[in-house]
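Everything below concerns the one structure shown next.
Each ligand, and each atom within it, is numbered from 1 in the order the structure gives. Note that these values count all heavy atoms, side chains included, but never hydrogens, waters or copies made by symmetry.
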Amino acid sequence: MRGEALKIIDLARSEGRDFLFEHEAKALCSLYGLPVTNFFVAKTKEEAVAVAKKYGYPIVLKIVSPQILHKSDAGGVIIDIKDDNGVREGFDRILKNVKAKVPNAEITGILVQEMAPKSTEIIIGSTKDPTFGPTIMFGLGGIFVEILKDVSFRIAPITRTDAEELIKEIKSYKILEGARGMPKADQETIIDILLKTSKMLMECPEIKELDMNPVLVYEKGAKIVDARIILE
Ligand code: ADP
Ligand code: MG
């Protein structure tokens with residue numbers, strides 16, 4: 001795993017990047033068994049259509065550019081694309097949006113991926129503490145993290161008990177239990193993701209920051225739809 005992980009990290013560095021593209025971050029996560037979406041970087045419109053057909057609709061398109069870290073800020077994300085023509089239009093629209101918002105952006109390609117059904121959104125992140133090393137952060141997506149700052153933290157590596165506590169400690173925990181008409185979230189899967197994330201962080205000290213935002217959690221299973229990794 002470590003060898004494969006280093007290949008991904010070294011490639012980014014050889015291109016002068018201090019961050020992994022989403023598809024690279026997802027490839028790294030999947031080495032550790034994390035449940036990421038499928039993905040393919042298309043270089044042409046017809047290639048994107050062929051992959052979309054293979055994955056099955058609906059699909060999502062996203063910009064891949066070394067100058068763009070926050071894709072939706074650059075108009076670089078289109079979700080819920082339902083057919084071949086939607087892919088062609090979406091492909092052009094993303095390039096047009098990005099050109100307007102980030103004129104100097106080099107285009108590496110357009111990322112095609114499955115569209116994960118709507119559900120409860122969680123965020124799992126990591127930053128490095130100067131003394132204790134990698135931390136793990138857990139919270140619910142959207143307003144819960146952005147406005148209420150309702151998150152929990154541990155120093156990695158974490159145990160199963162730590163993972164359970166990370167989940168139960170947040171004030172909005174009841175949402176995961178199915179409060180207010182929300183679907184009940186698969187907490188076993190969240191624990192599994194937290195433990196695998198901890199393993200990845202310990203084995204890859206090159207990861208300075210990790211942001212899996214959002215992760216969609218279902219009654220059974222979960223899907224990581226965006227992953228960002230900043231390198232040391
Ligand atoms: P950003 O770089 O702006 O964070 P994201 O990849 O997180 O871009 O995409 C923006 C939003 O689009 C996400 O917060 C999520 O709501 C939605 N989204 C992105 N990818 C998917 C996907 N594969 N399935 C479902 N929704 C998605
Ligand atoms: Mg995101």
Side-chain angles (χ1 to χ4, degrees), residues 12 17-30 34-42 48-49 51-83 86-87 90-91 93-102 105-127 137-147 151 175 182-183 185-186 189 193 197 207 209-231:
R17 278 181 284 126
D18 64 354
F19 74 94
L20 299 185
F21 288 134
E22 175 182 326
H23 61 281
E24 295 170 331
K26 283 180 172 173
L28 183 56
C29 287
S30 75
L34 289 160
V36 296
T37 63
N38 55 15
F39 57 83
F40 182 85
V41 181
V49 169
V51 176
K53 273 198 162 89
K54 191 177 94 185
Y55 288 167
Y57 292 103
I59 58 104
V60 174
L61 295 180
K62 302 184 191 181
I63 188 68
V64 184
S65 162
Q67 283 76 34
I68 297 172
L69 193 55
H70 297 277
K71 301 170 297 278
S72 32
D73 292 353
V77 178
I78 301 180
I79 66 167
D80 208 15
I81 294 175
K82 293 189 166 71
D83 53 34
V87 174
F91 196 101
R93 185 140 48 95
I94 287 181
L95 295 182
K96 192 165 158 248
N97 291 348
V98 166
K99 216 171 169 183
K101 292 235 165 86
V102 190
E106 300 159 53
I107 309 299
T108 305
I110 297 285
L111 188 60
V112 185
Q113 61 189 237
E114 68 191 287
M115 165 95 187
K118 275 203 172 46
S119 195
T120 308
E121 295 190 1
I122 62 167
I123 296 177
I124 294 172
S126 174
T127 54
M137 187 214 79
F138 172 78
L140 295 189
I143 61 157
F144 295 100
V145 164
E146 281 158 31
I147 296 167
V151 292
I175 304 257
M182 297 297 287
D186 183 346
T189 291
I193 292 176
T197 300
I207 299 175
E209 278 173 43
L210 165 72
D211 191 23
M212 299 193 284
N213 179 11
V215 181
L216 298 177
V217 188
Y218 304 100
E219 288 185 42
K220 191 113 199 59
K223 215 48 129 174
I224 298 164
V225 307
D226 183 25
R228 185 154 35 234
I229 287 177
I230 313 284
L231 301 171

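Rounded to the nearest 0.5 angstrom, Tyr55 OH and Thr37 OG1 are separated by 8.0 Å. Distance check, rounded to the nearest 0.5 Å: OG of Ser30 to CD1 of Ile224 gives 9.5 Å. In this structure, the separation between CD1 on Ile229 and CD1 on Ile207 is 4.0 Å, given to the nearest 0.5 Å. The line from CZ of Phe138 to CD1 of Ile193 is 9.5 Å long, rounded to the nearest 0.5 Å. Distance CG/Asn38 to CD1/Ile59: 10.0 Å, rounded to 0.5 Å. Atom OG1 of Thr108 is separated from atom CD1 of Ile68 by 9.0 Å, given to the nearest 0.5 angstrom.
Judged purely by atom type and a 3.5 angstrom limit, Ser65 has no side-chain atom pairing as donor or acceptor with the backbone of Ile107. For the pair Lys26 (side chain) and Val225 (backbone), a donor-acceptor distance under 3.5 Å is present. Side chain of Arg17 to backbone of Pro66: no donor-acceptor contact under 3.5 angstrom is found.
In this structure, the protein non-hydrogen atom closest to atom 11 (C) of ligand 1 is Val77 CG1, 4.7 Å. Nearest to atom 4 (O) of ligand 1 among the protein's heavy atoms is Asp226 OD2, 3.0 Å. Of the protein's non-hydrogen atoms, Val225 CB, 3.6 Å is the one closest to atom 21 (C) of ligand 1. For atom 10 (C) of ligand 1, the nearest non-hydrogen atom of the protein is Ser72 OG, 3.9 Å.
In the vicinity of Met115, heavy-atom distances shorter than 4.0 Å reach the ligand 1 atoms 24 (N), 25 (C). Distances below 4.0 Å separate heavy atoms of Asn213 from the following atoms of ligand 1: 7 (O). Atoms of ligand 1 found under 4.0 Å from any heavy atom of Ala116, numbered from 1 in the order shown, are 22 (C), 24 (N), 25 (C).
The proximity of Glu22 to ligand 1, defined as any non-hydrogen pair under 4.0 Å, is limited to the side chain. At a heavy-atom cutoff of 4.0 Å, ligand 1 is contacted by both the backbone and the side chain of Lys71.
Residue pairs meeting the side chain to side chain donor-acceptor pair (under 3.5 Å) criterion with at least one member in residues 209-221, sequence neighbours excluded, do not occur.
At least one heavy atom of Arg228 sits under 4.0 Å from some atom of ligand 1.
With sequence neighbours left out, the salt bridge (Lys or Arg N to Asp or Glu O under 4.0 Å) criterion links Lys223 to Glu114. Residues forming a ring pair (Phe, Tyr, Trp, His ring centres under 6.0 Å) with Phe19 (at least two apart in sequence, or on another chain): Phe21.
Note on the Mg ion (ligand 2): protein N/O/S atoms under 2.8 Å are Asn213 O, Asp226 OD2.
Residue nearest to atom 6 (O) of ligand 1, selected from His70, Lys62, Glu121, Glu114: Lys62 (by heavy-atom distance). Taking each of Gly142, Pro214, Gly75, Ala227 in turn, the one with a heavy atom nearest to atom 15 (C) of ligand 1 proves to be Pro214. Closest heavy-atom approach to atom 18 (N) of ligand 1 within the set Asp80, Ile79, Asp73: this belongs to Ile79.
Contact annotation: the side chain of Leu61 approaches that of Val112 to within less than 4.5 Å [non-hydrogen atoms, C-beta and beyond].
Note that atom 13 (C) of ligand 1 has protein non-hydrogen atoms nearby, at separations under 4.0 angstrom.
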